[in-house]
Visitor: 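Mind having a look at this structure? Questions to follow.
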Amino acid sequence: MEIANHHFRRFSFLVLITLLLGGGYARAQSSRPTIVFMTDFGTVDDSVAICKGVMYSIAPEVRIVDLTHQVTPFSILDGARFLYGATPYYPPGTVFVVVVDPGVGSARKAVVVKSKRGQYFVLPDNGLITLVEQRDNIEGAREITNPRWMIGSKLSSTFHGRDIFSPTGAHLTRGEDWTQVGPEVAIKDIVRLDLKKATLDERGLSAEVIATDGPYGNLVTNIDADDFLKLGYQRGQKVEATIGEKKITMPFVRTFSDVPLKAPLLYIDSRGHVGFAINQGSFANIYEIMPPAPLFIPRAKR
């Protein structure tokens, strides 16, 4: 009996130590600073790895999350959409480093923007922050001019992702005072994208197809679900939409499998906007639609 008790006590002690250490590890993991990294670099060369190397050399403890490096090349709107979609799922203090920068080396500013949710955005001042600002509002912005927050004695005119944005993001995760990055930029002077809004009148909704959804070829629109529902459609009802010069009739359904294979459908996507899809097919390819494209949906017939 004594031997059994001894082994039980030893086992209990080991379990306790494991739990304590495991809890400490979990707390350490949860408290690690996070950079969410997004570019249009792709992954066929070393650009992304170089930028991460810069970040790790300044902040070895940082956790880097790849949002995507497959943003449509030069598409500031796509970058703004992905940023808008991802930011609600990250806590205050998260640093977003975004390099979609067709104007690299020009007079455009490199900036740090702080949202009123307490998140930081290190990016070119070219409109990438537009959609996030519309939802979360901006607390302040500063131009990146302090050479201590950059790397290299001579900055490249074509690789600011490495020389400016990556080191600045890493310095922020170390808790350094973000106001030291450079002079304040007036919020009113931050560059915004000139985005068209869907308009509702007695005829219906005039809107725009703004993008395709990744590799699937679904169409992404600028129509909010609430605005679409004002047209009076019920699930299962046929909708005749005019996209570009094409009139396409399809049902309004909940999900892709609600229609037969290769059939078109209108649905509310995961971000709360009207989308067009083919069940296990590419709407964009089948109907030969390339965003941006005008879109009109009439009011439901009574």
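Values in this document were obtained by computation on a predicted structure and should not be read as measured data.
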Visitor: Holding to side chain to side chain donor-acceptor pair (under 3.5 Å), I want the full list of residues that pass it with Ser47, two or more places apart in sequence or in another chain.
Guide: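 Ser47 satisfies side chain to side chain donor-acceptor pair (under 3.5 Å) with Asp45 once adjacent residues are dropped.
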Visitor: For the CG atom of Leu128 and the CG atom of Leu123, what is their distance to the nearest 0.5 Å?
Guide: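 Here the interatomic distance stands at 5.5 Å.
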Visitor: For the atom pair NE2 (His160) and SG (Cys51), what is the distance rounded to the nearest 0.5 Å?
Guide: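 The distance works out to 12.0 Å.
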Visitor: Apply side chain to side chain donor-acceptor pair (under 3.5 Å) to Thr130 and list each qualifying residue two or more places apart in sequence or on a separate chain.
Guide: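 Here no residue qualifies.
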Visitor: Using ring pair (Phe, Tyr, Trp, His ring centres under 6.0 Å) as the criterion, list what pairs up with Phe96, not counting sequence neighbours.
Guide: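 So Phe96 forms a ring pair (Phe, Tyr, Trp, His ring centres under 6.0 Å) with Tyr90, Phe121.
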Visitor: Could you list the donor-acceptor pairs under 3.5 angstrom formed by side chains in residues 229-240, with sequence neighbours left out?
Guide:
{"unit_1": "Tyr233", "atom_1": "OH", "unit_2": "Pro298", "atom_2": "O", "d": "2.7"}
{"unit_1": "Gln237", "atom_1": "OE1", "unit_2": "Gln234", "atom_2": "N", "d": "3.0"}

Visitor: Just checking, any donor-acceptor pair under 3.5 angstrom between side chains of Arg117 and Thr87?
Guide: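 Looking only at side-chain atoms, Thr87 and Arg117 do not form any donor-acceptor pair under 3.5 Å.
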Visitor: To the nearest 0.5 Å, tell me how far Glu245 CD sits from Lys247 NZ.
Guide: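 Between atom CD of Glu245 and atom NZ of Lys247 there are 12.0 Å.
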Visitor: What residues, two or more places apart in sequence or in another chain, satisfy side chain to side chain contact (heavy atoms under 4.5 Å, CB included) together with Ala110?
Guide: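 With neighbours one apart ignored, the set is Arg108, Ile144, Ile164, Phe165.
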Visitor: Quick one: list whatever passes side chain to side chain donor-acceptor pair (under 3.5 Å) with Glu208, sequence neighbours left out.
Guide: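 So Glu208 forms no side chain to side chain donor-acceptor pair (under 3.5 Å) with any residue.
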Visitor: Tell me the salt bridge (Lys or Arg N to Asp or Glu O under 4.0 Å) pairs involving residues 251-276, sequence neighbours left out?
Guide: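 Salt bridge (Lys or Arg N to Asp or Glu O under 4.0 Å) check on residues 251-276 returns no pairs.
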Visitor: Rounded to the nearest 0.5 Å, what separation is found between the CG atom of Leu77 and the OG1 atom of Thr72?
Guide: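 It is 9.0 Å, given to the nearest 0.5 Å.
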Visitor: Can you tell me if Asn222 uses its side chain to pair, donor with acceptor, with the backbone of Lys196 under 3.5 Å?
Guide: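 Yes.
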Visitor: Honestly curious: do Val220 and Val209 fall in one hydrophobic cluster under the side-chain, below-4.5 Å linking rule?
Guide: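 No; Val209 is not reachable from Val220 via cluster members.
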Visitor: Is a side-chain donor or acceptor of Asn137 paired with a backbone partner of Lys116 at a separation under 3.5 angstrom?
Guide: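 No.
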Visitor: Counting the benzene-type ring for Trp, do Phe228 and Phe252 have ring centres under 6.0 Å apart?
Guide: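 Here the rings of Phe252 and Phe228 have centres that are less than 6.0 Å from each other.
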Visitor: Per the ring pair (Phe, Tyr, Trp, His ring centres under 6.0 Å) rule, what does the pair list look like for residues 56-85, sequence neighbours excluded?
Guide: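 The answer is Phe37-His69.
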Visitor: Please report the interatomic distance OG(Ser166) to CD1(Ile35), rounded to the nearest 0.5 Å.
Guide: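 If I round to the nearest 0.5 Å, the distance is 7.5 Å.
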Visitor: Examine Ile278 and Leu219 and state if one hydrophobic cluster contains both, with Ile, Leu, Val, Met, Phe, Trp and Tyr joined whenever side-chain heavy atoms are less than 4.5 Å apart.
Guide: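 Cluster IDs for Ile278 and Leu219 match.
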Visitor: Could you identify which residues cluster with Phe256, counting Ile, Leu, Val, Met, Phe, Trp and Tyr as linked when any side-chain heavy atoms lie under 4.5 Å apart, either directly or through a chain of such contacts?
Guide: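 Reading the cluster by chain and number, Phe256 sits alongside Val253, Val259, Leu265, Tyr267.
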Visitor: Could you work out, with side chain to side chain donor-acceptor pair (under 3.5 Å) as the rule, every residue matching Glu176, not counting sequence neighbours?
Guide: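 Result, side chain to side chain donor-acceptor pair (under 3.5 Å) vs Glu176: His171, Arg174.
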Visitor: Only distances under 3.5 Å count here; give the side-chain donor-acceptor pairs of residues 179-187 to other protein atoms, sequence neighbours excluded, each with its distance to 0.1 Å.
Guide:
{"unit_1": "Thr179", "atom_1": "OG1", "unit_2": "Asp177", "atom_2": "OD1", "d": "2.8"}
{"unit_1": "Thr179", "atom_1": "OG1", "unit_2": "Asp177", "atom_2": "OD2", "d": "2.9"}
{"unit_1": "Gln180", "atom_1": "NE2", "unit_2": "Asp177", "atom_2": "OD2", "d": "3.4"}

Visitor: Looking at every heavy atom in both Pro124 and Val111, which two are closest together, and how far apart are they?
Guide: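 Scanning both residues completely, I find the closest heavy atoms to be C-CG2, 4.4 Å.
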Visitor: Check this for me: does any side-chain nitrogen of one of Glu143 and Lys109 sit under 4.0 Å from a carboxylate oxygen of the other?
Guide: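 Looking at Glu143 and Lys109, the cut-off is not met.
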Visitor: Tell me, which pairs form a ring pair (Phe, Tyr, Trp, His ring centres under 6.0 Å) where one or both residues lie in residues 188-218, sequence neighbours left out?
Guide: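 Qualifying pairs: none.
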